[in-house]
Amino acid sequence: MIKAVVFDVDDTLYDQKAPFVAALAPIIQLPTSFDLTRTFQAYRRQSGQLTKSFLSRKNIAEWEVTRLNTALHAQDLPPVTPEAAAAFQDAYTHKLQHIALFPGLATVLNRLKAQYQLGIITNGQTDYQLAKVMRLHMQRWIDRQTILTSEEAGVAKPDPQIFTMMNRRLNLRASEIVYVGDCYSLDIRAAKQAGWQAFWFNHRNFEIPDGDWTPDQTVESPAELQQLLLALTGVAQL
């Protein structure tokens, strides 16, 4: 029996691709109509890989250049200079100041909170991720105690240990928790390996690797996600 619903943040609660593309396209002189999906996904995959060797501001800046150029290489796009990477980061950070929940999620969260414990597991630096959580007004539904970042956990998704830590915070068994995330490798496979149920918000239309873990549910649009979560509350539709 499900007793808690835990969410990823980036590209699950809000559309992360839109501010990314809006910030990057002018820097690399591409029209916003150019499909940067593979670059965006490559950039996201690296979000949990900031290690202790990059603790100083100088090293973080160097890592961000490498991170962006690695992502650009995924679509055979030319690398950028450190100056251009810094300009992208400034523009991206500015655009992330204006993020909002996917349409309808606020209503769904209101209904979920009445019946379930709610939480967040997210990769990234704590201050940076909490700032996004606050911009999305998630404090209306989720207590700080049940928000867990990879920085404070000392381990990042896809390591199942971060999910086990949340078991203790919620005081629930793994089988009593469902995780909602957009990234198959970081969210779905890891949650299933930790013994959780997992709902895949596959709004980027990716394929499941053959023979791998199967999500308990898969939805492909914000509207479908809303319907799935409302079904947990016994409500058929908005």
Side-chain angles (χ1 to χ4, degrees), residues 4-14 16-17 19-20 38-57 59-71 73-74 85 89 92-93 96 99 118-136 138 142-170 172 174 177-202 204 206 208-209 212-213 215:
V5 182
V6 179
F7 294 87
D8 172 46
V9 173
D10 297 311
D11 220 34
T12 295
L13 295 176
Y14 74 97
Q16 190 183 24
K17 182 183 173 185
F20 176 87
R38 282 188 291 140
T39 297
F40 168 67
Q41 289 296 332
Y43 186 84
R44 281 212 61 208
R45 280 194 297 272
Q46 300 172 77
S47 63
Q49 298 174 4
L50 186 60
T51 65
K52 293 180 180 179
S53 62
F54 293 100
L55 291 178
S56 73
R57 289 181 180 273
N59 283 337
I60 288 175
E62 291 175 355
W63 181 77
E64 289 291 358
V65 175
T66 301
R67 179 188 186 191
L68 180 56
N69 283 331
T70 299
H73 181 70
Q89 281 298 323
Y92 189 34
T93 298
L96 286 173
I99 57 176
L118 301 180
I120 283 173
I121 294 176
T122 179
N123 281 355
Q125 295 172 288
T126 300
D127 289 348
Y128 187 66
Q129 293 303 98
L130 286 180
K132 284 186 270 189
V133 168
M134 293 296 288
R135 290 185 200 111
L136 295 169
M138 293 300 293
I142 300 178
D143 296 332
R144 175 64 183 90
Q145 175 61 22
T146 55
I147 299 173
L148 183 58
T149 71
S150 59
E151 182 182 45
E152 65 180 317
V155 63
K157 298 180 297 181
D159 193 318
Q161 289 185 64
I162 196 168
F163 293 89
T164 301
M165 292 179 190
M166 183 60 81
N167 293 347
R168 293 193 288 270
R169 291 198 178 192
L170 294 169
L172 293 174
I177 313 172
V178 62
Y179 192 60
V180 181
D182 71 288
C183 181
Y184 181 84
S185 59
L186 293 181
D187 299 331
I188 305 309
R189 181 190 290 125
K192 295 294 289 183
Q193 288 176 331
W196 289 28
Q197 295 187 51
F199 294 170
W200 189 17
F201 182 26
N202 186 24
R204 304 295 178 197
F206 289 102
I208 298 178
D212 219 321
W213 296 86

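The shown structure was predicted, so the numbers you read here are calculated from the model rather than taken from an experiment. In what follows, every heavy atom counts, from backbone to side chain, and hydrogens, waters and symmetry copies are set aside.
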Pairwise side-chain contact, Met138 with Leu136, heavy-atom cut-off 4.5 Å (strictly under): yes

Flag side-chain contact, heavy atom, 4.5 Å: Arg144 against Ile147: yes

Within-4.5 Å side-chain heavy-atom neighbours: Ile120 and Val9: yes

Heavy-atom donor-acceptor pair, Asp159 side chain to Gln161 backbone, under 3.5 Å: yes

Check: Arg44 side chain, Asp10 main-chain N or O, donor-acceptor pair, under 3.5 Å: yes

Asn167 to Trp196 - nearest heavy-atom pair and separation: OD1-NE1, 2.9 Å

Of Arg204, Lys17, Lys132, the residue whose pairing with Asp11 passes salt bridge (Lys or Arg N to Asp or Glu O under 4.0 Å): Arg204

Between OH on residue Tyr179 and CZ on residue Phe201, distance to nearest 0.5 Å: 13.5 Å

Point-to-point distance, once rounded to the nearest 0.5 Å, from OH of Tyr184 to CZ of Arg189: 5.5 Å

CG on Asp8 to CD on Gln16, rounded to 0.5 Å: 8.5 Å

N/O donor-acceptor pair under 3.5 Å between Glu151 side chain and Thr126 backbone: yes

Side chains of Thr149 and Asn123 in contact at under 4.5 Å (non-hydrogen atoms): no

Non-hydrogen side-chain atoms of Pro19 and Tyr92 separated by less than 4.5 Å: yes

Donor-acceptor pair, side chain of Thr146 and main chain of Ile142, under 3.5 angstrom: no

Aromatic ring pairing Phe20/Tyr43, orientation class (parallel under 30°, perpendicular over 60°, tilted between): tilted

CD-CG distance between Gln145 and Leu170, expressed to the nearest 0.5 angstrom: 9.0 Å

Beyond-backbone contact of Val178 with Val6, side-chain heavy atoms, under 4.5 angstrom: no

Gap between atom OG1 of Thr164 and atom CD of Gln193 - 0.5 Å precision: 11.0 Å

Distance in Å, Tyr128 OH paired with Leu96 CG, rounded so as to fall on 0.5 Å steps: 4.5 Å

Check: Met165 and Val155 side chains under 4.5 Å, non-hydrogen atoms: yes

Where Ala42 and Ala71 come nearest, the two heavy atoms and their spacing: CB-CA, 3.7 Å

Where Pro158 and Ser185 come nearest, the two heavy atoms and their spacing: CB-O, 3.4 Å

Trp200 side chain to Ile188 backbone, donor-acceptor under 3.5 Å: no

